[in-house]
Amino acid sequence: MTSLTVAMPAYNEAANIGPMIAMALTKVAPLVDDLEVVVVNDGSKDNTGEIVRQISAKDPRVRLVEHTVNMGYGAAVRDGIWAATKELVFFTDSDLQFDLTEVEHFLPRIQQADMVVGYRYARSDPWHRRLFGQGWSWLVNLLFGYTARDIDCAFKLFKRQVIDAIQVKSGGAMFSAEFLVRAKAAGFSIVEEPVSHYPRKAGSQTGARLHVIARAFRELFKMRWEMWMGR
């Protein structure tokens, strides 16, 4: 049997979270034998949490993890992943910029590796976010050796052994980089798969804020130093 957790962070995604959960339940559930959807409400100021609570009351496959205050993207992704109970874990964003039907292409490839990492072949974001994303992936691969083409692509599928074996400290935008680097360092194999990417229609992005970027760079160089020192 194939059991799968779909984990997603949500911060002020009231306009998107209902359709996103519905997409997981209608598009991903038929692909596996056993599905759960874990949503981490990261201290939203809108009614994101209440929407998920209402859905979970009607469908036990949906679980809500609450942060009483906003802890950051990485912390929300991390807590969703480590709350997973199934043999395969998939995480994505809750902003409707990905089509979850494409999980169908990822499931066969998990037989070939421990992790299947998506890359956005035509990223539908403003030019400055695309530029930053390309530069960030280049820098991570420069510092740690090639890890993935699109480090921060929020479309990743992996086996439970990965999260049982590694720890990720970052609670900010560095999460995906640290997750992939530590998984690779632990000997887990990675394959890549292209995914579609669509414009955000509702809500707002927070990843391009200067304090978020500054924190990511601090955490990146700190991790590089710690790994050099064997920590």
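Residue numbers start at 1 and run along the sequence shown. This structure is a prediction, so every number in the text was calculated from the model and none was measured.
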Q.
The test is side-chain contact (heavy atoms from CB on, under 4.5 Å); show your working for Phe179 and Lys184 and say whether it passes.
A. CA-CA 9 Å; Phe179 182 66; Lys184 178 187 172 185; over 6 Å; no

Q | Intermediate values then yes/no, salt bridge (charged side-chain N to carboxylate O under 4.0 Å, His left out), Glu87 and Arg160 | A | CA-CA 5 Å; Glu87 291 304 309; Arg160 174 158 206 91; 5.5 Å; no

(Q) Assess the residue pair Tyr11 and Ser94 against the criterion (side chain to side chain donor-acceptor pair (under 3.5 Å)); give the C-alpha distance rounded to whole Å, side-chain angles, the decisive distance to 0.1 Å, and a yes or no. (A) CA-CA 9 Å; Tyr11 177 65; Ser94 54; over 6 Å; no

Q: Go through the steps to decide whether Asp42 and Asn70 satisfy the test side chain to side chain donor-acceptor pair (under 3.5 Å), and finish with yes or no.
A: CA-CA 5 Å; Asp42 189 28; Asn70 181 251; 2.9 Å; yes

Q. What's the verdict on side chain to side chain donor-acceptor pair (under 3.5 Å) for Asp114 and Ser189, showing C-alpha distance, side-chain angles and the deciding distance?
A. CA-CA 5 Å; Asp114 300 304; Ser189 57; 3.1 Å; yes

Q. Are Glu13 and Asn16 close enough, and set up right, to give a side chain to side chain donor-acceptor pair (under 3.5 Å), and what steps lead you there?
A. CA-CA 5 Å; Glu13 295 287 6; Asn16 297 317; 2.7 Å; yes

Q: Mind running side-chain contact (heavy atoms from CB on, under 4.5 Å) on Leu157 and Val89 for me, showing each step along the way?
A: CA-CA 6 Å; Leu157 174 70; Val89 183; over 6 Å; no

Q: Could you go through the side-chain contact (heavy atoms from CB on, under 4.5 Å) check for Ser176 and Phe91 one step at a time?
A: CA-CA 11 Å; Ser176 287; Phe91 89 78; 3.9 Å; yes

Q: Could you give me the CA-CA distance, side-chain angles and deciding distance for Leu107 and Val32, then say whether side-chain contact (heavy atoms from CB on, under 4.5 Å) is met?
A: CA-CA 9 Å; Leu107 289 170; Val32 296; 4.0 Å; yes

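Minimum interatomic distance between Thr48 and Ala14 (heavy atoms only, all atoms of both residues): OG1-N, 3.1 Å. Contact record, Val38 with Ala83: CG1-CB, 4.2 Å, taken as the closest heavy-atom pair. Between Ile151 and Leu180, the shortest heavy-atom distance links the atoms O-CD1, 3.8 Å. Here the closest non-hydrogen pair linking Ala216 and Trp136 is O-CH2, 3.6 Å.
Looking at heavy atoms from C-beta onward, Ser137 lies out of side-chain contact with Tyr119 at the 4.5 angstrom threshold. Proximity of Lys86 to Asp34: side-chain heavy atoms (C-beta onward) are separated by under 4.5 Å at one or more points. Val117 has its side chain out of reach of Val191: every pair of non-hydrogen atoms, C-beta onward, lies at least 4.5 Å apart.
Relative ring orientation between Phe155 and Phe90 is described as perpendicular, the plane-to-plane angle rising above 60° on a 0-90° scale split at 30° and 60°.
The number of heavy-atom neighbours closer than 6.0 Å to CD of Gln167, taken from other residues, nucleotides and ligands shown, is 12 or below. Within a 6.0 Å radius of CD in Glu104, other residues, nucleotides and ligands contribute 12 heavy atoms or fewer. Within a 6.0 Å sphere centred on NZ of Lys27, heavy atoms belonging to other residues, nucleotides or ligands number 12 at most.
Between the Trp82 side chain and the Ile163 main chain, a donor and an acceptor come within less than 3.5 Å of each other. Of the possible polar contacts, none joining the Arg120 side chain to the Asp150 backbone as a donor-acceptor pair under 3.5 Å is found. A donor-acceptor pair under 3.5 Å is absent between the side-chain atoms of Asn12 and the main chain of Ser44, judged by distance alone. In this structure a side-chain-to-backbone donor-acceptor pair under 3.5 Å is missing from Tyr198 to Lys201. With hydrogens and angles disregarded, no donor-acceptor distance shorter than 3.5 Å links the side chain of Lys159 to the backbone of Gln111.
The distance from atom OG of Ser196 to atom CG of Asp99, rounded to the nearest 0.5 Å, is 6.5 Å. Rounding to the nearest 0.5 Å gives a distance of 11.0 Å between OG of Ser170 and OH of Tyr73. The OG1 atom of Thr85 sits 10.0 Å away from atom CG of Leu4, with the distance rounded to the nearest 0.5 Å. Annotation: the span from His197 atom NE2 to Asp93 atom CG amounts to 7.5 Å, rounded to 0.5 Å. Atoms CZ and CZ, on Arg123 and Arg129 in that order, are 5.5 Å from each other to the nearest 0.5 Å. One finds the CG atom of Leu139 at 8.5 Å from the CZ atom of Phe144 (value rounded to the nearest 0.5 Å).
Aromatic ring centres of Phe158 and Phe106: separated by at least 6.0 Å.
A salt bridge does not link Lys156 with Glu192: every distance from a Lys NZ or Arg NE/NH1/NH2 to an Asp or Glu carboxylate oxygen is 4.0 Å or more.
Evaluated for a side-chain contact (heavy atoms from CB on, under 4.5 Å) with Pro9, the options Asp95, Asp79, Thr92, Val77 yield exactly one hit, Val77.
The list of salt bridge (charged side-chain N to carboxylate O under 4.0 Å, His left out) pairs with a residue in residues 60-78, not counting sequence neighbours, reads Glu36-Arg63, Arg53-Glu66, Asp59-Arg61.
Hydrophobic clustering of Ile, Leu, Val, Met, Phe, Trp and Tyr side chains at less than 4.5 Å, counting indirect connections, unites Val140 with Ile166.
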